Number of protein chains: 2
Amino acid sequence: MSDTPARLLALLSLLQTPREWPGSELAERLEVTTRTIRRDIGRLRDLGYPVEATMGAVGGYRLVAGTAMPPLLLDDEEAVAIAVGLRTAARHPVAGIEEASVRALAKLEQVLPSRLRRRVGTLNTATVPLVPAGGPSVDPQDLAVLAAAVANRERLRFAYQTADGAGSRRLVEPHRLVVAERRWYLVAYDDDRDDWRIFRVDRIRQPHPTGMRNAPRELPGGDAAAYVTSTLYSLAPTYSAVATLHMPAAEAAARLGDASGDVEPIDERTCRLRGHTDTLEWLAFRLVMLDCEFEVHEPPELLGYLAALGARVTRAASPAARAPRAGDAADDTVDANN
Amino acid sequence: MSDTPARLLALLSLLQTPREWPGSELAERLEVTTRTIRRDIGRLRDLGYPVEATMGAVGGYRLVAGTAMPPLLLDDEEAVAIAVGLRTAARHPVAGIEEASVRALAKLEQVLPSRLRRRVGTLNTATVPLVPAGGPSVDPQDLAVLAAAVANRERLRFAYQTADGAGSRRLVEPHRLVVAERRWYLVAYDDDRDDWRIFRVDRIRQPHPTGMRNAPRELPGGDAAAYVTSTLYSLAPTYSAVATLHMPAAEAAARLGDASGDVEPIDERTCRLRGHTDTLEWLAFRLVMLDCEFEVHEPPELLGYLAALGARVTRAASPAARAPRAGDAADDTVDANN
DNA sequence: GACGTCCAGGACAGATCCTGACCTATATGA
DNA sequence: TCATATAGGTCAGGATCTGTCCTGGACGTC
């Protein structure tokens, strides 16, 4: 009896199960008359959620795709699955929707019951990274905290570790989260230094909101993403890579994706790749994954890295020969600001 | 005025933004009095959604984590981000929540507006696969269709391509979706053959529900996952791999994850890996990604694959030498049933 | 072709609920 | 101390909701 909004939500929840519901069954579950069910269905339709009905003896109601997203009513496991998916998406950002990903993650983490958060955490640490890290990886939970602070225009305090290992404590007004070169950066106004700064998120430790709101501040130039990339290019000792791929240019471009540099055809079966990167491991990984013959011309560091990798793999395939182990990890020395 | 449930949903949507909302601002947005806002907040609390309020001059309301998941109200971009995340999760299943992932995906795809679905599709094809496929990859949208049919107990018609290339049309009663050995399988009762069958999802083409419901049918033995793995072991010519890793056993186990076989220590710095796999590329990929010295002892196919890979990488690092291209793709010949 | 089953929706009466307009109490930061 | 925020009681008038009728249309089955 009564409590209409709760019943509407329950009805939405039932209808989101991908199956057909006869009105009588819905009425039974929600303990109301079928007439009320029909009225509720009408209400949902008025709200813009298209409920489709098939008439006839085996008919029923089902929620279909409309023009607006209905509220998603998830059970525990589904919520965990989405959280895990968003966390890995935060670690391997997809071009164009990185920011929406962290927004969704922040939204979800805000309301995720603690028992589910624990499950997400254990699943997350149990999941193995699929690609070379290329430096420390970001903590998705920290990322959610930063996204919340950005949305809330709330001052943020955190410990920041610079490239040379020194640590410092910061109080900033967060402005935007940006992905550049496969890394997360926080664009923020540093209150102590009275200037704009860019922080690598994987070097931020223990961020917590202070509760102090700050007035929106305009970034000079406006575009945060452009600000980050321009700062990176002016500061970072990125490598310029040139390679020849024995693969049609179109196919190589498709398999490399958009963020891997320029591909121009040499002839029908080969092409030239030019790109810049600050993580040799990542570039080498992508080239090997292409599963085609290729030759690297520059930079010498990448040549060295690939030579070491090839030698290691060759050693692995010839167990008869035993050799002293050679360290072959290339280090990453790029930093955004001090 | 009026339409309380819609206002409650709108209020929930606002509160899910990770920020604090003063009651007056909420009242303004929703065009009601602050008194009504306070009442609505109370209603939400009665429904079990914990709205926290900070009193005082800079107070406000915010939705915090409770014991149950509130309905997620997403904007377009967030919905797309979640869909993309779930699709990649379907391609790289995480142990333990694979089924919840596809359930959530099916739920989302069911109500995703078509314009957003298009965006998800283009983003999805633009996204490059991060790991070696090891055979054809599943279409997440097909997976969602299968999951919906499983939940709806609806008969399903599809074209199935067997290992030897022959195609057949099937009419089945879907029972469960299961991940085994990094692949999706559909456990279903084949109506034409009057027996239970296991189908590799990546070989299923154009699945579509028929609208015919079927009575729930009990799988002999009960456990669908066990049924799949036992069938696979009895049928599939998997490789048995043995390798020595120059890495502490604990670290290797952590970095390999749970599904990669048994790791036992040899001494403090080395360990032995035993596993079985039907995709050489995947195992080789994981071993190389460990970023440590290792030697493979078995199977010979893996040795050959690694030798070819090492040679290719070495060639790439020595652009002076030019050699005729050697094909080095290992084929995957495992099948679940005919 | 008749029948049962399902969705669609109008009319109506009675109970319920909701909103806005008061009011006071309390907590917090400037 | 003051301003501002949440918290919540009360009350009256009006809107809304529910259940119980009803008719009609669509669809599959017997």
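This structure is a prediction, so every number in the text was calculated from the model and none was measured. Order of the sequence lines sets the chain letters (A, B, ...), proteins ahead of strands, with each chain counted from 1.
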K.L.:
Of all the heavy-atom pairs spanning B:V111 and A:L63, show the shortest one and how long it is.
P.N.:
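Heavy-atom minimum between the residues: CG1-CD2, 3.6 Å.
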K.L.:
In whole Å, what is the span from the CD1 atom of B:I37 to the C1' atom of C:dA21?
P.N.:
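B:I37 atom CD1 is separated from C:dA21 atom C1' by 16 Å.
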K.L.:
Classify the nucleic acid contact of B:G42 as base, sugar-phosphate or nothing, counting any heavy atom under 4.0 Å across all strands shown.
P.N.:
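It contacts nothing in the nucleic acid.
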K.L.:
If you look at every heavy atom in A:L73 and A:S13, which pair is closest and at what distance?
P.N.:
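Shortest heavy-atom contact: CD1-N, 3.5 Å.
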K.L.:
Quick one: which of C:dA8, D:dT6, C:dT19 gets closest to the side chain of B:A53?
P.N.:
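The answer is D:dT6.
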K.L.:
Given that A:P5 and A:V51 both sit by DNA chain C, which one's nearest nucleotide is further toward the 5' end?
P.N.:
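Between the two, 5'-proximity favours A:V51.
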K.L.:
Between A:R45 and C:dA8, is there a contact of a side-chain N or O with OP1 or OP2 at under 4.0 Å?
P.N.:
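Answer is yes, contact under 4.0 Å.
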K.L.:
Nearest heavy-atom pair of B:R43 and B:R7: which atoms, and what distance?
P.N.:
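What the structure gives for the nearest pair is NH2-NH2, 3.8 Å.
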K.L.:
Once you round it to whole Å, what is the distance between P of C:dC17 and CG of A:L8?
P.N.:
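Taking atom P of C:dC17 as the reference, CG of A:L8 is at 15 Å.
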K.L.:
Nearest 0.5 Å, please: how far is CG in A:D40 from CG in A:L8?
P.N.:
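If I round to the nearest 0.5 Å, the distance is 4.5 Å.
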K.L.:
If you count heavy atoms of other groups shown closer than 6.0 angstrom to CZ of A:R153, is the number above 12?
P.N.:
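Incorrect, the count does not exceed 12.
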K.L.:
Between C1' on C:dA27 and CD on B:E20, what's the gap in Å once rounded to a whole number?
P.N.:
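Those two atoms, CD and C1', are 14 Å apart.
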K.L.:
Round to a whole Å and report the spacing from CG of B:L26 to C1' of D:dT4.
P.N.:
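Atom-to-atom, B:L26 to D:dT4, this comes out as 16 Å.
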K.L.:
Distance check: side-chain N/O of A:R43 vs OP1/OP2 of D:dT18, anything under 4.0 Å?
P.N.:
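Result: yes.
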K.L.:
Provide the closest heavy-atom pair for A:D192 versus A:L171 in the form atom of the first, atom of the second, distance.
P.N.:
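Closest approach of A:D192 to A:L171: OD2-N, 3.9 Å.
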K.L.:
Salt-bridged, B:R200 to B:D202, with N to O below 4.0 Å?
P.N.:
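Yes, charged N to carboxylate O under 4.0 Å.
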K.L.:
Mind calculating the distance between CE (B:M55) and P (C:dA30) to the nearest angstrom?
P.N.:
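Roughly 17 Å, once rounded to whole Å.
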K.L.:
Any N or O donor-acceptor pair under 3.5 Å from the base of D:dG8 to the side chain of B:R38?
P.N.:
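Indeed there is one.
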K.L.:
Take the C1' atoms of the five end pairs on each side of the helix from C:dG1-D:dC30 to C:dA30-D:dT1, derive the two axes, and give their angle rounded to 10 degrees.
P.N.:
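End-to-end axis angle: 50°.
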K.L.:
Check every atom of C:dA8, C:dG20, D:dA7 against the side chain of B:V32 and return the nucleotide holding the closest atom.
P.N.:
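Nearest to the side-chain atoms of B:V32, counting from C-beta on, is C:dG20.
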K.L.:
Which residues pass the side-chain hydrogen bond (donor to acceptor under 3.5 Å, both in side chains) test with B:D76, not counting sequence neighbours?
P.N.:
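So B:D76 forms a side-chain hydrogen bond (donor to acceptor under 3.5 Å, both in side chains) with B:R115.
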K.L.:
With a cut-off of less than 4.0 Å, is there a side-chain N or O of A:T33 near OP1 or OP2 of D:dT18?
P.N.:
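Answer is no, no contact under 4.0 Å.
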K.L.:
If the cut-off is 4.0 Å, is A:T4 near the phosphate of D:dC17, judged by side-chain N/O to OP1 or OP2?
P.N.:
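It does not, given that no N or O in the side chain of A:T4 lies less than 4.0 Å from OP1 or OP2 of D:dC17.
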K.L.:
Atom CG of A:L44 and atom P of D:dC17: how far apart are they, to the nearest Å?
P.N.:
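It is 13 Å, rounded to the nearest whole Å.
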K.L.:
Nearest whole angstrom, please: distance from the C1' of C:dC12 to the CZ of A:R35.
P.N.:
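A:R35 atom CZ is separated from C:dC12 atom C1' by 12 Å.
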K.L.:
Please tell me which of A:R39 and A:G60 maps to the more 5' nucleotide of DNA chain C, matching each residue to the nucleotide holding its nearest heavy atom.
P.N.:
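Its nearest nucleotide being more 5', the pick is A:G60.
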K.L.:
Of the options D:dT10, D:dA7, D:dT18, whose atoms approach the side-chain atoms of A:D40 most closely?
P.N.:
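Looking only at heavy atoms from C-beta outward on A:D40, the closest nucleotide is D:dT18.
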K.L.:
Could you state the atom-to-atom distance from CH2 of A:W21 to P of C:dC7 in whole Å?
P.N.:
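Between P of C:dC7 and CH2 of A:W21: 13 Å.
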